[in-house]
Colleague: 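Below you will find the structure I want to go over with you.
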Amino acid sequence: MTTPACGHADPAAAVTPGADGCQDSLATGGRWEHLRRCATCGHVGCSDRSPNRHATAHFARTGHPVIQSFEPGEDWWWCYVDEVAFELPGAPSYAHS
Ligand SMILES: [Zn+2]
Ligand SMILES: [Zn+2]
Ligand SMILES: [Zn+2]
């Protein structure tokens, strides 16, 4: 078992996604490219390839450090504090429909 270089992620935490699309883009009528789920509160935001980068904006606003890809078939995690990508074997995986 490899220990991720980040101490912010909890493999046992099951945080239900708050929406099936970027919550901020849905609220403003914007569009997005890819989705990320906040591992702290379940906020769903759009990636840095999206026009409004709501996942990163969520971190800037709340300080929630870790996101997981919300894309089908992707399980990687990213920590904004440590600036490291990693995988978390055994952790729940979520994806939009
Ligand atoms: Zn970290
Ligand atoms: Zn968005
Ligand atoms: Zn959050």
Side-chain angles (χ1 to χ4, degrees):
M1 178 94 80
T2 53
T3 306
C6 156
H8 298 95
D10 178 2
V15 181
T16 307
D20 203 41
C22 173
Q23 295 174 225
D24 300 306
S25 290
L26 287 169
T28 58
R31 58 178 194 87
W32 60 81
E33 292 283 336
H34 296 109
L35 296 172
R36 313 291 179 233
R37 178 190 60 99
C38 172
T40 303
C41 72
H43 172 272
V44 174
C46 50
S47 72
D48 283 357
R49 283 168 55 186
S50 307
N52 294 300
R53 304 181 176 191
H54 284 125
T56 298
H58 179 72
F59 164 68
R61 189 170 68 244
T62 64
H64 296 165
V66 181
I67 56 169
Q68 184 184 23
S69 177
F70 197 44
E71 294 300 311
E74 292 186 6
D75 282 335
W76 55 263
W77 299 66
W78 172 258
C79 177
Y80 285 108
V81 176
D82 295 313
E83 296 190 323
V84 63
F86 56 94
E87 304 220 330
L88 214 50
S93 177
Y94 299 96
H96 67 80
S97 58

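Remember, it's 1-based here, ligands and their atoms both numbered in the order they're listed. None of the values given here were measured: they were computed from a predicted structure.
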Colleague: Only pairs under 3.5 Å count here: list side-chain donor-acceptor contacts from residues 5-13, not counting sequence neighbours, and write none if there are none.
Modeller:
residue: His8; atom: ND1; partner: Asp82; partner atom: OD2; Å: 3.1
residue: Asp10; atom: OD1; partner: Ala12; partner atom: N; Å: 3.0

Colleague: For the Zn ion (ligand 3), which protein N/O/S atoms fall under 2.8 Å? Skip waters.
Modeller: Cys38 SG, Cys41 SG, His58 NE2, His64 ND1
Colleague: Check whether any side-chain heavy atom of Pro72 lies under 4.5 Å from a side-chain heavy atom of His96, and answer yes or no.
Modeller: yes
Colleague: Under 2.8 Å from the Zn ion (ligand 2), which protein N/O/S atoms are there?
Modeller: Cys22 SG, Ser25 OG, Cys46 SG, His54 ND1
Colleague: What N/O/S atom of His8 gets nearest to the Zn ion (ligand 1)?
Modeller: ND1
Colleague: For the pair Asp75 (side chain) and Leu88 (backbone), establish whether a donor and an acceptor sit closer than 3.5 Å, ignoring hydrogens and angles.
Modeller: no
Colleague: How wide is the angle at the Zn ion (ligand 1) between SG of Cys79 and OD2 of Asp82, to the nearest 10°?
Modeller: 110°
Colleague: With a 4.5 Å heavy-atom cut-off, do Trp76 and Gln68 have their side chains touching?
Modeller: no
Colleague: Pairing donors with acceptors under 3.5 angstrom, does anything connect the side chains of Glu33 and Ser50?
Modeller: no
Colleague: May I have all residue pairs that pass ring pair (Phe, Tyr, Trp, His ring centres under 6.0 Å) and include part of residues 22-56, sequence neighbours excluded?
Modeller: His43-His58
Colleague: Donor-acceptor pair, Glu71 side chain versus Leu35 backbone, under 3.5 Å?
Modeller: yes
Colleague: What's the separation between atom SG in Cys38 and atom OH in Tyr80, rounded to the nearest 0.5 Å?
Modeller: 9.0 Å
Colleague: Kindly indicate whether the side chain of Phe86, heavy atoms from C-beta on, has any atom under 4.5 Å from the side chain of Cys79.
Modeller: yes
Colleague: For the residue pair Phe70 and Arg36, establish whether any side-chain heavy-atom pair is separated by less than 4.5 Å.
Modeller: no
